[in-house]
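In this chain, numbering begins with 1 at the start of the sequence shown.
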Amino acid sequence: MDAVTAARMLEDREREVVHRLGRLREDEDGLRHDRADATADDEHDPEGSTLSGEWAQVDALRRGAEAEYAEILAARERVASGVFGVCERCGEPIADARLEARPFARFCIACAS
């Protein structure tokens, strides 16, 4: 995969992740507001999920998106330095199909397994 294509894919992916992070932060703000509401009976509704459960889910999704964002930034640095698409372990090229699915991949399939 050439550097221009890689940079474009990473830019698109970064835009998606930034958008997802924005939505997740809005969800967290909403949950914070609900937690502050003195009338919210979080733990006593046997039919619904608890605010604590929702909070844990949103938090996990946000942390995953933040980690993906960091990986994208690192991949953009690899593009800039000319080492994008080269396995960090064995030095062999990372297959284009892998980079299309996971544009921030650091390892070839063999080394990742």
* Asked: Looking at CG of Leu31 and CG of Asp59, how far apart are the two atoms once the value is rounded to the nearest 0.5 Å?
  -> 10.5 Å

* Asked: For Arg25, what residues pass the side chain to side chain donor-acceptor pair (under 3.5 Å) criterion, not counting sequence neighbours?
  -> Glu66

* Val18 and Leu61: same hydrophobic cluster, using ILVMFWY side-chain contacts below 4.5 Å? -> no

* To do: List for me each residue that meets side chain to side chain donor-acceptor pair (under 3.5 Å) alongside Arg8, sequence neighbours excluded, and say none if there are none.
  => none

* **side chain to side chain donor-acceptor pair (under 3.5 Å) against Glu28, all qualifying residues, sequence neighbours excluded** => Arg62

* **Cluster check Leu10, Phe107: I/L/V/M/F/W/Y, side chain < 4.5 angstrom** => no

* Structure fact -> Note: Ala105 and Ile94 closest approach over all heavy atoms is O-CD1, 3.6 Å

* Given side chain to side chain contact (heavy atoms under 4.5 Å, CB included), test Asp12 with Arg15 step by step and report yes or no. => CA-CA 5 Å; Asp12 291 345; Arg15 204 172 11 258; 2.6 Å; yes

* To do: Check Pro103 against Arg13 and note the closest heavy-atom contact, atom names and distance.
  => CD-NH1, 3.2 Å

* Asked: Any side chain to side chain donor-acceptor pair (under 3.5 Å) pairs touching residues 94-105, not counting sequence neighbours?
  -> none

* Structure fact -> Taken in chain and number order and not counting sequence neighbours, the residues that satisfy side chain to side chain contact (heavy atoms under 4.5 Å, CB included) with Arg20 are Val17, Arg23, Leu24, Ala65, Glu68

Could you give the side-chain donor-acceptor pairs of residues 72-86 under 3.5 Å, partners two or more places apart or in another chain?
residue, atom, partner, partner atom, Å
Arg76, NH1, Glu14, OE1, 2.3
Arg78, NH2, Phe104, O, 3.0
Ser81, OG, Glu77, O, 3.2
Ser81, OG, Arg78, O, 3.3

* To do: Could you tell me which non-hydrogen atom of Cys87 sits nearest to which non-hydrogen atom of Cys108, and how far apart they are?
  => SG-N, 3.4 Å

* To do: Could you tell me whether Tyr69 atom OH has more than 12 heavy atoms of other residues or ligands within 6.0 Å of it?
  => no

